[in-house]
Amino acid sequence: MYYGELKKCDIANGIGVRVTLFVSGCTNRCPDCFQPQTWDFCFGQPFTDDTAAEIYAELDKSYVAGLTVLGGEPFEPENQRELVKLLKKVKADYPTKTVWVFTGFRLEDELLKDGSHPRCEVTDEMLSYIDVLVDGRFMKELKDISLQFRGSRNQRVIDMNKTRKTGVITIWEQLRR
């Protein structure tokens with residue numbers, strides 16, 4: 001897995017100060033994407049044990065609220081297979097920190113649908129480690145810069161803990177409307 005950037009003090013991609021990992025590789029290729037360079041699966045740096053150690057060192061800081069993963073596309077199968085290991089360790093070692101993931105794939109239509117492109121053997125496990133999932137492709141015709149944590153009106157900010165508990169997709173209640 002490759003990554004394009006690691007931000008160690010991000011306040012734009014989730015609540016609080018966050019460590020943010022921009023992974024590389026995306027087959028969605030949304031028109032007017034704000035990170036088109038990350039469509040290339042080999043863009044940036046290889047994700048190594050040293051990269052993971054940098055993330056853990058930042059998460060050790062009391063003021064860091066959690067980890068955010070975006071891209072590119074975290075739910076490309078080749079990215080999931082590596083990210084699931086990272087997210088598992090983050091949730092085990094930092095249970096009070098939140099994990100946010102941004103994806104162009106929709107939860108019920110693609111991530112949970114057998115036979116869809118992103119669904120693979122680790123998708124359910126990866127979803128189990130996520131507190132907030134921002135889903136849906138960026139659509140330039142629905143672009144709205146006033147939205148919190150998303151770029152177009154079709155995208156959702158999903159509370160994954162409540163969604164898992166109720167079995168019904170639940171929008172994150174702290175979302176500014």
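Here the structure is a predicted model, which means the values were calculated and not measured.
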task = Begin with the C-alpha distance, continue with both residues' side-chain angles, and end with the deciding distance and a verdict on side chain to side chain contact (heavy atoms under 4.5 Å, CB included) for Asp135 and Leu111.
result = CA-CA 10 Å; Asp135 81 341; Leu111 298 178; 5.7 Å; no
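- How far CG of Leu67 is from CZ of Arg18: 7.0 Å, rounded to the nearest 0.5 Å.
- Closest approach of Lys91 and Lys97 over heavy atoms only: NZ-O, 3.5 Å.
- Side-chain contact between Leu133 and Phe105 is absent, with no heavy-atom pair separated by less than 4.5 Å.
- The CG atom of Leu70 lies 6.0 Å from the OG1 atom of Thr20; values are rounded to the nearest 0.5 Å.
- A donor-acceptor pair under 3.5 Å is formed between the side chain of Asp131 and the backbone N or O of Val99.
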ask   = Are Asp32 and Lys143 close enough, and set up right, to give a side chain to side chain contact (heavy atoms under 4.5 Å, CB included), and what steps lead you there?
value = CA-CA 10 Å; Asp32 282 359; Lys143 181 178 180 177; 6.0 Å; no
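- One finds the CZ atom of Arg137 at 10.0 Å from the CG atom of Asn154 (value rounded to the nearest 0.5 Å).
- Cluster membership check: Phe34 does not share its hydrophobic cluster with Trp39, using side-chain heavy-atom separations under 4.5 Å among Ile, Leu, Val, Met, Phe, Trp and Tyr.
- Judged by distance alone, the side chain of Gln45 and the main-chain N or O of Tyr3 form no donor-acceptor pair under 3.5 Å.
- Leu59 and Ile11 fall within the same hydrophobic cluster, defined by Ile, Leu, Val, Met, Phe, Trp and Tyr side-chain heavy atoms under 4.5 Å apart, directly or through other members.
- Salt bridge status for Arg164 with Asp124: absent, with no side-chain N to carboxylate O gap under 4.0 Å.
- Of all heavy-atom pairs between Phe149 and Val134, the closest is O-CG1, 3.6 Å.
- You'll find the side chain of Lys7 stays beyond 4.5 Å of the side chain of Thr68, heavy atoms only.
- Here the shortest heavy-atom pairing between Phe22 and Gln35 reads CD2-NE2, 3.1 Å.
- Residue Pro77 comes nearest to Pro118 through the heavy atom pair CG-O, 3.8 Å, listed as atom of the first residue, atom of the second, then distance.
- Using a 4.5 Å heavy-atom threshold, the side chains of Val101 and Leu83 count as separate.
- Here the side chains of Gln148 and Val157 are not in contact, with every heavy-atom distance at 4.5 Å or above.
- Connection of Met126 to Tyr2 is not established within any shared hydrophobic cluster, with ILVMFWY side chains joined at heavy-atom distances below 4.5 Å, either directly or through further cluster members.
- Here Ser152 contributes atom OG and Gln155 contributes atom CD; the two are 3.5 Å apart, rounded to the nearest 0.5 Å.
- Other residues, nucleotides and ligands place more than 12 heavy atoms under 6.0 Å from the CG atom of Asp60.
- Between the side chain of Asn79 and the main chain of Glu73, a donor-acceptor pair closer than 3.5 Å is present.
- A salt bridge between Glu78 and Arg81 is absent, with no side-chain N of the basic residue lying under 4.0 Å from a carboxylate O of the acidic one.
- Side-chain contact between Ile15 and Val132 is absent, with no heavy-atom pair separated by less than 4.5 Å.
- Closest approach of Asn13 and Phe102 over heavy atoms only: O-CE1, 3.9 Å.
- Between Ile55 and Phe47, the closest side-chain pair of non-hydrogen atoms falls below 4.5 Å.
- For the atom pair OG1 (Thr170) and CD1 (Ile158), the distance works out to 9.0 Å, reported to the nearest 0.5 Å.
- Salt bridge annotation for Lys61-Glu58: present, with a cationic side-chain nitrogen under 4.0 angstrom from a carboxylate oxygen.
- In this structure, the side chains of Phe75 and Leu127 come closer than 4.5 Å at one or more pairs of heavy atoms.
- Pairing each heavy atom of Asn161 with each of Ile130, the nearest pair is OD1-O, 4.3 Å.
- Both Tyr129 and Ile169 belong to a common hydrophobic cluster when Ile, Leu, Val, Met, Phe, Trp and Tyr are linked at side-chain heavy-atom distances under 4.5 angstrom.
- Annotation: the span from Glu76 atom CD to Ser24 atom OG amounts to 11.5 Å, rounded to 0.5 Å.
- Annotation: side chain of Tyr94 is not in contact with side chain of Val64 (no heavy-atom distance under 4.5 Å).
- Note: the hydrophobic cluster containing Val84 also contains Met1 (ILVMFWY, side chain heavy atoms under 4.5 Å, direct or indirect links).
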